[in-house]
A.B. asks: 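I am attaching a structure below and will ask some questions about it afterwards.
First listed ligand is number 1; within each ligand, the first listed atom is number 1. In what follows, residues are counted from 1 in the order of the sequence shown. This structure is a prediction, so every number in the text was calculated from the model and none was measured.
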Amino acid sequence: MERTIARHWLNYINGEWVDSSRHLDVACPANAEPFATVALASVEDAEQALDAAARCAASGELTRHRPAERVKWLLHIAAEIRAVAEEGARVLCRENGKRLSDARDEFIEAARYFEYYAGMADKIEGISVPLGDGYVDFTRYEPMGVSVQIVPWNFPVSICARSLAPALAAGNAVIVKSPELSPLGLCVLFQAIERAGLPRGAVHLLCGLGSKVGAHLAASPKTKQIVFTGSVPTGRAILSAAAQWATPSVMELGGKSAAVIFPDCDRNELLASVKSGIFFNAGQVCSAMSRLVVHRDIYDEVLAAVADLADRLVTGPGEDDPDHTPLISASQLDRVAAMCRDAIAEGATAVAGGDRMHDRSGHFMQPTVLGHVRPQMKIACEEVFGPVLAVIPFDTEDEAIEIANGTPFGLVAGVFTQDVNRALRLTRRLRAGQVFVNEWYAGGIETPFGGVGLSGFGREKGQEAIYSYVQTKNVAIRVAQH
Ligand code: NAD
């Protein structure tokens with residue numbers, strides 16, 4: 001029998017599930033109806049978590065054993081996450097609006113992060129530096145201490161695991177600040193983590209307002225590292241707060257990523273990539289393929305094909321596993337619809353969609369393809385964070401690069417061509433942290449991910465990410481010569 005979703009959810013502080021005098025409603029994006037509440041963490045809760053995390057980090061509980069102990073903890077966490085994937089998926093799907101199968105994948109991906117970084121927890125090796133016979137010199141990678149991780153609503157569970165797993169592998173204590181709009185999947189994740197028996201105070205989960213609890217955590221001298229995934233304005237606020245104590249930060253911000261399409265591309269590969277690139281999770285993906293920069297020789301053909309693709313998408317609530325699901329909130333829908341209206345007023349053509357779905361009670365936007373977009377238009381430069389594809393023509397390779405690199409962002413980019421020399425040339429010229437060739441989202445948890453420019457700095461995923469969670473200490477020893 002299917003279990004119902006709990007009505008009320010708590011924060012996790014210092015090994016206890018803690019309620020609060022204030023609660024936040026959590027609503028289902030598919031029908032806009034609240035179905036649960038979550039305890040709203042206060043600044044005092046944040047202080048308790050900071051103190052407990054600092055105590056845990058200082059106690060050596062996370063580092064005094066052989067690293068193999070952390071390997072065991074992380075593998076145990078992964079197994080517990082796999083065990084709650086079904087339950088967690090139902091909760092995440094309901095609160096976030098995403099497809100049930102994608103919500104399930106998110107939990108499985110979270111487990112994979114813990115498995116992957118379990119494999120690194122006993123391999124964080126320093127180097128020996130030759131200084132001549134009179135010295136022994138080596139480097140040691142030490143944990144930062146308290147890592148504060150501020151998570152957005154679009155993939156809360158996998159984004160949390162992406163930072164939490166390497167942070168624990170490196171021996172840090174972690175405070176996760178969950179997003180107000182989609183906090184419950186993280187509660188299920190932490191119920192699983194709790195069963196792995198980490199030392200008390202090693203992990204904490206706070207659902208608090210970003211402007212209060214998030215800001216407090218970012219500004220605290222007890223915070224020794226910040227990992228922020230979210231919007232550019234919030235990133236700026238956090239960086240200003242971090243500057244006060246020179247707190248090292250990883251910034252995973254937004255994007256306006258472009259795929260450059262050449263006439264020799266494989267059309268099936270292209271259409272499959274457009275479908276996942278811009279319509280997966282209703283386009284609420286930082287690395288969404290939000291611009292298609294298409295050679296003029298095939299512009300009309302490609303525009304018609306992607307419009308047809310968008311028109312054929314089946315829309316519905318995430319529980320039904322349709323192609324296309326609602327946006328997270330009414331304000332997000334208002335924003336996306338307004339950006340489309342403005343683009344049409346500026347001269348773009350809505351060849352598919354272009355408006356909200358007026359016949360539905362939830363926050364549904366039509367899958368939208370905008371043709372005849374000029375690179376200077378707002379729709380071609382600003383992040384929409386919705387199912388809206390801007391299609392822009394180009395004539396020469398240089399022009400394509402100029403358009404693709406012509407925003408302040410640089411998260412990912414793509415090239416679609418059968419010419420390997422051209423593909424490799426473009427991977428060098430495109431300004432982005434990751435370039436996909438002939439398949440959007442071709443990377444995985446094993447491949448370093450992060451931005452340049454306004455898309456942020458620091459890298460998550462892959463082996464490289466572990467070095468965001470440690471600080472290098474050099475030990476230089478003068479030794480006796482006799
Ligand atoms: P957001 O910036 O509004 O919020 C993100 C988190 O920051 C939330 O937990 C929020 O409570 C918190 N927050 C808000 N104000 C704060 C403050 N002053 N101090 C500290 N914390 C604060 O972003 P969002 O709307 O939740 O997410 C969408 C954005 O995230 C998009 O711009 C998207 O591109 C970006 N994103 C980036 C990546 C990536 O890996 N690069 C991944 C997913 C989302």
Side-chain angles (χ1 to χ4, degrees), residues 24 38 40-41 43 46 95-96 98 106 109 113 148-163 175-183 185-186 205-220 223 226-244 247 249-257 280-290 327-329 331-333 335-336 339 382-386 407-412 432-434 441 443 445 447-462 465 468:
L24 200 63
V38 62
L40 191 62
V43 166
E95 67 173 339
N96 192 288
K98 64 177 62 199
E106 210 176 313
E109 184 169 302
Y113 277 115
V148 162
Q149 307 184 347
I150 300 175
V151 175
W153 48 260
N154 59 340
F155 294 95
V157 171
S158 59
I159 286 176
C160 171
R162 177 173 94 181
S163 308
I175 299 172
V176 174
K177 212 298 274 165
S178 57
E180 299 91 319
L181 286 171
S182 189
L186 284 173
L205 176 67
L206 299 172
C207 180
L209 297 179
S211 56
K212 291 212 162 66
V213 167
H216 182 81
L217 291 168
S220 171
T223 296
I226 300 169
V227 184
F228 172 68
T229 310
S231 64
V232 172
T234 309
R236 286 194 180 115
I238 291 174
L239 280 174
S240 300
Q244 173 77 7
T247 310
S249 307
V250 174
M251 288 282 136
E252 295 283 2
L253 309 177
K256 189 71 196 176
S257 302
F280 169 54
N281 214 39
Q284 301 168 116
V285 184
C286 54
S287 47
M289 179 205 276
S290 51
L327 297 179
I328 188 81
S329 65
S331 63
Q332 183 71 4
L333 176 60
R335 191 176 156 276
V336 173
M339 285 185 82
E382 292 186 11
E383 186 178 46
V384 178
F385 228 55
T407 78
F409 296 104
L411 194 53
V412 304
Q434 186 170 37
Y441 299 135
I445 66 168
T447 52
F449 177 78
V452 300
L454 277 189
S455 292
F457 53 84
R459 291 294 176 265
E460 293 277 52
K461 302 184 174 184
S468 300

A.B. asks: Mind checking whether Asn154 contacts ligand 1 via backbone (N, CA, C, O), side chain (CB onward), both or neither, at a 4.0 Å heavy-atom cut-off?
C.D. replies: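 The side chain, only.
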
A.B. asks: Going through the checks in order, is the side chain to side chain contact (heavy atoms under 4.5 Å, CB included) test met by Leu209 and Leu40?
C.D. replies: CA-CA 8 Å; Leu209 297 179; Leu40 191 62; 4.2 Å; yes

A.B. asks: Measure the shortest side-chain to side-chain distance between Val412 and Phe449 over non-hydrogen atoms and say whether it is less than 4.5 angstrom.
C.D. replies: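 Heavy-atom side-chain distance check passes, below 4.5 Å.
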
A.B. asks: Can you tell if the side chain of Ile159 reaches within under 4.5 Å of the side chain of Glu252, non-hydrogen atoms only?
C.D. replies: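 In short, these two side chains do not touch, never coming nearer than 4.5 Å.
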
A.B. asks: With a cut-off of 4.0 Å, which atoms of ligand 1 are near a heavy atom of Ile159?
C.D. replies: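 Taking each heavy atom of Ile159 in turn, ligand 1 has 42 (C), 43 (C) under 4.0 Å.
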
A.B. asks: Short list, please: which atoms of ligand 1 are under 4.0 Å from a heavy atom of Ile238?
C.D. replies: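 Taking each heavy atom of Ile238 in turn, ligand 1 has 19 (N), 20 (C), 21 (N) under 4.0 Å.
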
A.B. asks: Would you kindly specify which portion of Ala218 sits under 4.0 Å from ligand 1, judged on non-hydrogen atoms: side chain, backbone, both or neither?
C.D. replies: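 Near ligand 1, Ala218 shows nothing, with every heavy atom at 4.0 Å or more.
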
A.B. asks: Which atoms of ligand 1 sit under 4.0 Å from any heavy atom of Phe449?
C.D. replies: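 Per the distance check, 40 (O).
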
A.B. asks: Which atoms of ligand 1 have any heavy atom of Thr229 under 4.0 Å away?
C.D. replies: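 Near Thr229, the atoms of ligand 1 are 5 (C), 37 (C), 38 (C), 39 (C), 40 (O), 42 (C), 43 (C).
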
A.B. asks: Looking only at heavy atoms of Arg162, does any of them come nearer than 4.0 Å to an atom of ligand 1?
C.D. replies: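 Distance cut 4.0 Å: Arg162 passes for ligand 1.
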
A.B. asks: Give, for atom CG of Leu217 and atom CG of Leu206, the distance between the pair rounded to the nearest 0.5 Å.
C.D. replies: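 These two atoms lie 6.0 Å from each other.
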
A.B. asks: Measuring from Leu411:CG to Lys256:NZ, what's the distance to the nearest 0.5 Å?
C.D. replies: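 Between Leu411 CG and Lys256 NZ, I get 13.0 Å after rounding to 0.5 Å.
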
A.B. asks: Check whether any side-chain heavy atom of Phe228 sits under 4.5 Å from a side-chain heavy atom of Val148, and report yes or no.
C.D. replies: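 Answer no - side chains too far apart.
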
A.B. asks: In the structure I gave you, are the side-chain heavy atoms of Arg162 and Thr229 within less than 4.5 Å of one another anywhere?
C.D. replies: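 The answer is yes; the side chains approach within 4.5 Å.
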
A.B. asks: Can you find a heavy atom in the side chain of Phe409 that is under 4.5 Å from one in the side chain of Ser257?
C.D. replies: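 Side chain of Phe409 against side chain of Ser257, heavy atoms only: no contact under 4.5 Å found.
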
A.B. asks: I need the Lys177 NZ to Ile226 CD1 distance, nearest 0.5 Å.
C.D. replies: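 It is 13.5 Å, given to the nearest 0.5 Å.
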
A.B. asks: Mind checking whether Glu180 contacts ligand 1 via backbone (N, CA, C, O), side chain (CB onward), both or neither, at a 4.0 Å heavy-atom cut-off?
C.D. replies: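 Contact part for Glu180 vs ligand 1: side chain (C-beta onward).
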
A.B. asks: What atoms of ligand 1 come within less than 4.0 Å of a heavy atom belonging to Ile150?
C.D. replies: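 Those atoms are 6 (C), 7 (O), 9 (O), 12 (C), 20 (C), 21 (N).
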
A.B. asks: Say you draw a straight line from CD of Gln244 to OG1 of Thr223; how long is it, rounded to the nearest 0.5 Å?
C.D. replies: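 That separation rounds to 12.5 Å.
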
A.B. asks: Distance check, rounded to the nearest 0.5 Å: Arg335 atom CZ versus Ser329 atom OG?
C.D. replies: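 That separation rounds to 10.0 Å.
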
A.B. asks: In terms of residue, atom name and distance, what is the protein heavy atom nearest to atom 35 (C) of ligand 1?
C.D. replies: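 Closest protein heavy atom to atom 35 (C) of ligand 1: Gly230 O, 3.2 Å.
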
A.B. asks: Give me the nearest non-hydrogen protein atom to atom 32 (O) of ligand 1 as residue plus atom name, then the distance to 0.1 Å.
C.D. replies: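 Of every protein heavy atom, Glu383 OE1, 2.7 Å lies nearest to atom 32 (O) of ligand 1.
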
A.B. asks: Hey, is Phe155 touching ligand 1 through its side chain, its backbone, both or neither, going by heavy atoms under 4.0 Å?
C.D. replies: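 It is neither; nothing of Phe155 touches ligand 1.
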
A.B. asks: Short list, please: which atoms of ligand 1 are under 4.0 Å from a heavy atom of Ala215?
C.D. replies: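 It comes down to these atoms of ligand 1: 19 (N), 20 (C).
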
A.B. asks: For atom 9 (O) of ligand 1, grab the closest protein heavy atom and report residue, atom and distance to one decimal in Å.
C.D. replies: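 For this ligand atom, the closest protein heavy atom is Val151 O, 2.8 Å.
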
A.B. asks: Starting from atom 14 (C) of ligand 1, locate the nearest protein heavy atom and write down its residue, its atom name and how far away it is, to 0.1 Å.
C.D. replies: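 In this structure, atom 14 (C) of ligand 1 has Thr234 CG2, 3.4 Å as its nearest protein heavy atom.
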
A.B. asks: Looking at ligand 1, does Pro179 have a heavy atom less than 4.0 Å from it?
C.D. replies: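 So Pro179 counts as touching ligand 1.
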
A.B. asks: Among all the protein's non-hydrogen atoms, which is closest to atom 1 (P) of ligand 1, and how far away is it?
C.D. replies: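 That would be Ser231 OG, 3.6 Å.
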
A.B. asks: Below 4.0 angstrom from a heavy atom of Pro152, which ligand 1 atoms are there? Numbered from 1 as shown, please.
C.D. replies: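 So the atoms of ligand 1 that pass are 26 (O), 27 (O), 43 (C), 44 (C).
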
A.B. asks: Among protein heavy atoms, which lies nearest atom 25 (O) of ligand 1, and at what distance?
C.D. replies: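 Closest protein heavy atom to atom 25 (O) of ligand 1: Trp153 NE1, 2.9 Å.
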
A.B. asks: For ligand 1, which is the ligand I care about here, please tell me if Leu253 has any N or O atom under 3.5 Å from one of the ligand's N or O atoms.
C.D. replies: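 It does: an N or O of Leu253 is found under 3.5 Å from an N or O of ligand 1.
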
A.B. asks: Consider only side-chain N and O atoms of Glu460 and Ser163, and report whether a donor and an acceptor are under 3.5 Å apart.
C.D. replies: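 Glu460 vs Ser163: donor-acceptor pair found between side chains.
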
A.B. asks: Please list the nearest protein heavy atom to atom 20 (C) of ligand 1 with its residue and the distance rounded to 0.1 Å.
C.D. replies: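 Protein heavy atom at minimum distance: Gly214 C, 3.2 Å.
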
A.B. asks: Which residue supplies the protein heavy atom nearest to atom 17 (C) of ligand 1, what is that atom called, and how far is it?
C.D. replies: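 In this structure, atom 17 (C) of ligand 1 has Gly210 O, 3.3 Å as its nearest protein heavy atom.
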
A.B. asks: What distance do Asn96 atom CG and Leu181 atom CG have between them, rounded to the nearest 0.5 Å?
C.D. replies: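 These two atoms lie 9.0 Å from each other.
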
